[in-house]
Participant: 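Take a look at the following structure, please.
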Amino acid sequence: MTLSELEILNHIQKTQNITKEELKVLLYTNDSIVTEELQKKAQQTAQQIYGNKIYIRGLIEFTNYCKNNCYYCGIRCANTKADRYRLSLEQILSCCETGWNLGFRTFVLQGGEDPYFTDEKVCQIVREIKERYPDCAVTLSIGEKSEESYQAYFDAGADRYLLRHETADEAHYRKLHPEQMSLSHRKNCLKILKKIGYQTGCGFMVGSPGQTIDTLYEDLMFIKELNPEMVGIGPFIPHQDTPFANEPAGTLDMTLRLLAIIRLIHPHVLLPATTALGTIDPKGREKGVQAGGNVVMPNLSPVNVRDKYKLYDNKICTGDEAAECKNCMSARMKSIGYEVVTDRGDYKA
Ligand code: 5AD
Ligand code: FES
């Protein structure tokens with residue numbers, strides 16, 4: 001490691017900011033001492049705020065119908081091979097019951113943009129969950145909606161909202177999405193979510209087609225500007241029935257570097273080691289935590305629909321019951337000195 005590389009790491013940690021030149025060095029260096037030091041600093045930063053505790057979120061993938069047609073995504077509307085499903089209110093509540101008994105205190109309702117789930121239906125689901133489990137947080141991840149809709153879900157009791165921005169670069173956004181979608185609309189949704197009072201999450205895929213150091217730098221600056229409570233990043237993984245079927249996947253190495261950088265420039269963030277990271281490497285989620293992650297999101301969806309919620313190929317955990325995933329995750333975290341806790345796991349300001 002050269003003196004200037006060490007200086008870069010210290011400078012990022014001290015200023016909680018990064019220049020494009022510094023980003024270039026950290027993403028391209030072949031010196032494993034530098035990348036190890038980067039991850040060590042990020043891990044220490046997370047530990048200073050969150051200790052050795054890892055927050056778990058129970059992910060309920062309640063619909064794979066989607067009206068959008070994003071080029072990267074396996075449940076895009078043009079994918080006629082996707083076997084579509086929706087969970088009923090009763091099925092969703094039964095997932096929550098299983099999850100609550102296993103110690104989950106956050107439920108993440110994720111789905112495609114499915115017009116079947118009207119605001120009224122979404123609000124009913126949120127209300128029923130909050131009524132039965134008032135000590136739990138409800139996170140929604142159901143895409144772009146109007147301010148009125150976001151406000152209605154919030155008033156029904158939703159606490160958090162995940163909406164990855166996917167890329168903060170206009171031209172890159174165009175490469176990933178059909179023309180009906182726009183970056184400005186997405187950014188505006190995130191602004192509204194913050195304004196309403198949600199704990200808000202943005203994020204992006206690492207190694208998505210067309211991503212460059214410049215687009216990544218814009219992603220990092222967007223995170224600084226939005227000041228989100230959560231950031232979700234994971235590798236892009238091609239799905240065979242999408243236009244990006246033959247594009248290369250993002251790498252473990254790049255994802256770990258970016259997780260660490262995000263922890264350093266935005267220290268308090270709730271940062272998951274994602275399923276996609278666990279998909280490209282058998283120890284991906286453990287490595288993600290060792291690079292500054294502090295959240296994992298095991299699946300609570302019924303096993304009979306698991307393999308249908310396929311955003312990308314080879315997704316892990318599609319055959320495992322919720323209890324198996326929870327136990328597996330606890331053991332994985334224990335193996336690296338961390339403890340999965342029964343806690344809502346709110347943002348620590
Ligand atoms: N590979 C990795 N992540 C994907 N997502 C969608 N498709 C893929 C893919 N092929 C991510 C997007 C989306 C989140 C729910 O999943 O970033 O916001
Ligand atoms: Fe699902 Fe390991 S976390 S089987």
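In each ligand, atom 1 is the first atom listed, and ligand 1 is the first ligand listed. Predicted, not measured: the structure shown is a model, and the values here were computed from it. Reckoned from all heavy atoms, side chains included, excluding hydrogens, waters and symmetry mates.
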Participant: In plain terms, say whether D320 and R306 are close enough for a salt bridge, that is, a side-chain N and a carboxylate O under 4.0 Å apart.
Facilitator: no
Participant: List for me each residue that meets side-chain contact (heavy atoms from CB on, under 4.5 Å) alongside K191, sequence neighbours excluded, and say none if there are none.
Facilitator: N188
Participant: What pairs of residues pass the salt bridge (charged side-chain N to carboxylate O under 4.0 Å, His left out) test when at least one of them lies in residues 164-184, not counting sequence neighbours?
Facilitator: E166-R186
Participant: Only counting residues at least two apart or in another chain, list the ones meeting side chain to side chain donor-acceptor pair (under 3.5 Å) with S330.
Facilitator: none
Participant: Can we call the ring centroids of Y65 and Y116 under 6.0 Å apart?
Facilitator: no
Participant: Note down each nitrogen or oxygen pair, ligand 1 side and protein side, whose separation is under 3.5 Å; give only atom names and the distance to 0.1 Å.
Facilitator:
| unit_1 | atom_1 | unit_2 | atom_2 | d |
| --- | --- | --- | --- | --- |
| ligand 1 | 1 (N) | I237 | N | 2.9 |
| ligand 1 | 1 (N) | I237 | O | 3.3 |
| ligand 1 | 10 (N) | Y72 | O | 3.0 |
| ligand 1 | 10 (N) | I237 | O | 2.7 |
| ligand 1 | 10 (N) | L311 | O | 3.3 |
| ligand 1 | 17 (O) | R164 | NH1 | 2.9 |
| ligand 1 | 17 (O) | E166 | OE1 | 2.7 |
| ligand 1 | 17 (O) | E166 | OE2 | 3.3 |
| ligand 1 | 18 (O) | E166 | OE2 | 2.5 |

Participant: Can you tell whether the side chains of R86 and D114 come within less than 4.0 Å, N to carboxylate O?
Facilitator: yes
